[in-house]
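Indexing begins at 1, ligand by ligand and atom by atom, following the structure's order. The first residue in the sequence is number 1, and the count goes up from there. A quick note: this is a predicted structure, and the numbers were derived from the prediction, not measured. Worth knowing before you read on, the calculation uses all heavy atoms, side chains too, and leaves out hydrogens, waters and symmetry mates.
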Amino acid sequence: MKSWKTRSGIKILRMLSGRSNVFLLTNGSENILIDTSPANKWNKLEKKIRDNKIDRIDYLILTHSHFDHAGNAGKIKNKFGCPIILHYAEDYYLQTGDICTPKGTNAFSRFIVNNFALKFSNRLKCDPCLSDILIDKKLDLKIFGFDAYIMHTPGHSPGSLSIIVDDEIAIVGDTMFGFFPGGVFPPYANNISQLINSWGLLLETNSRIFLPSHGGSKTRSQLLRSYNTRRTNLSG
Ligand SMILES: [Zn+2]
Ligand SMILES: [Zn+2]
């Protein structure tokens with residue numbers, strides 16, 4: 001299992017990888033889970049938690065409410081009794097299980113949204129569940145024992161969040177995609193200019209490694225390259 005360690009000793013474990021990554025932050029005693037993968041991955045996620053002898057999850061952060069991130073939120077909350085942290089703009093979707101359908105950002109993803117996502121939106125629903133801590137702009141995780149904070153990075157969805165760990169590693173949800181070698185632009189986004197703006201906010205941190213929810217890690221220079229290209233396109 002891939003893992004990263006920051007200078008203050010916070011460990012980031014990639015519990016699930018492939019189509020949807022799930023990360024666990026640990027300071028040695030407290031554990032924060034970030035995202036939960038789609039509902040059909042529950043057995044795999046539960047086994048990973050068990051195999052790694054993780055007997056407590058103190059907080060669950062959802063980067064946003066899409067089914068491939070919040071699919072097992074209710075099950076995690078039931079099993080560990082942990083509060084769910086989410087942006088307030090996503091709370092309605094978590095409570096109802098509805099999907100905040102994003103727009104496609106290229107011809108292929110637009111085709112998928114128009115032909116499948118809207119028609120089969122029932123299949124993209126999650127089990128409804130209740131959040132406990134709602135975020136607006138920022139939440140410092142020092143109170144939870146982590147040199148880290150959560151920041152609002154909208155664009156992919158209205159309430160997308162990123163977690164900046166030790167001002168060194170950023171866990172960015174779908175604000176960046178890790179699948180494509182040529183860039184970090186996600187195939188789905190509600191608001192592209194907001195998304196590019198959020199990349200600018202991520203670049204204002206000192207993060208050098210970026211961990212998207214889909215695909216592998218990205219470097220600061222990869223993000224900067226995409227940011228410069230897309231920003232020019234937007235203003236042109
Ligand atoms: Zn998403
Ligand atoms: Zn996603």
Side-chain angles (χ1 to χ4, degrees), residues 14-24 33-42 44-45 60-76 84-106 108-114 116-118 120-129 131 135 150-163 170-180 183-199 201-202 210-218 223 226:
R14 192 169 65 190
M15 305 294 291
L16 286 188
S17 62
R19 227 184 74 75
S20 292
N21 298 326
V22 172
F23 296 101
L24 185 96
L33 194 71
I34 302 171
D35 285 341
T36 65
S37 73
N40 64 7
K41 293 280 186 293
W42 171 247
K44 219 172 152 186
L45 179 61
L60 168 61
I61 301 171
L62 296 175
T63 60
H64 59 298
S65 62
H66 286 161
F67 74 100
D68 51 333
H69 301 257
N72 294 305
K75 288 200 179 82
I76 290 287
I84 296 180
I85 305 173
L86 181 78
H87 191 271
Y88 76 86
E90 307 272 329
D91 195 35
Y92 165 82
Y93 301 103
L94 190 73
Q95 275 187 43
T96 56
D98 277 349
I99 178 169
C100 169
T101 311
K103 295 176 193 149
T105 60
N106 61 48
F108 177 72
S109 56
R110 270 194 292 275
F111 176 83
I112 297 285
V113 169
N114 295 337
F116 299 102
L118 296 173
F120 301 107
S121 57
N122 268 348
R123 291 191 205 165
L124 305 179
K125 283 189 168 190
C126 293
D127 285 343
C129 83
S131 63
I135 293 183
I150 307 175
M151 64 190 270
H152 186 208
T153 49
H156 170 73
S157 70
S160 281
L161 298 173
S162 296
I163 300 92
I171 299 169
V172 298
D174 289 357
T175 299
M176 294 166 60
F177 256 57
F179 275 137
F180 316 114
V184 304
F185 194 56
Y188 303 96
N190 276 75
N191 185 325
I192 293 176
S193 60
Q194 219 175 38
L195 177 87
I196 309 302
N197 215 22
S198 291
W199 287 356
L201 296 177
L202 287 170
F210 297 84
L211 304 176
S213 288
H214 307 291
S217 67
K218 290 288 184 184
L223 172 60
S226 288

Spacing of OG belonging to Ser217 relative to CE belonging to Met176, to within rounding of 0.5 Å: 9.0 Å
Separation of Asp91 CG from Thr96 OG1 (nearest 0.5 Å): 9.0 Å
Residue and atom, protein N/O/S, under 2.8 Å of the Zn ion (ligand 2): Asp68 OD2, His69 NE2, Asp174 OD2, His214 NE2
Side chains of Asp35 and Ser37, donor plus acceptor under 3.5 Å: no
Result of checking Ser20, Pro187, Ser17, Pro186 against His214 for side-chain contact (heavy atoms from CB on, under 4.5 Å): Ser20
Residue of the set Ile85, Ile84, Leu86 for which side-chain contact (heavy atoms from CB on, under 4.5 Å) holds with Leu60: Ile84
Donor-acceptor contact below 3.5 Å, side chain Asn190 vs main chain Lys103: no
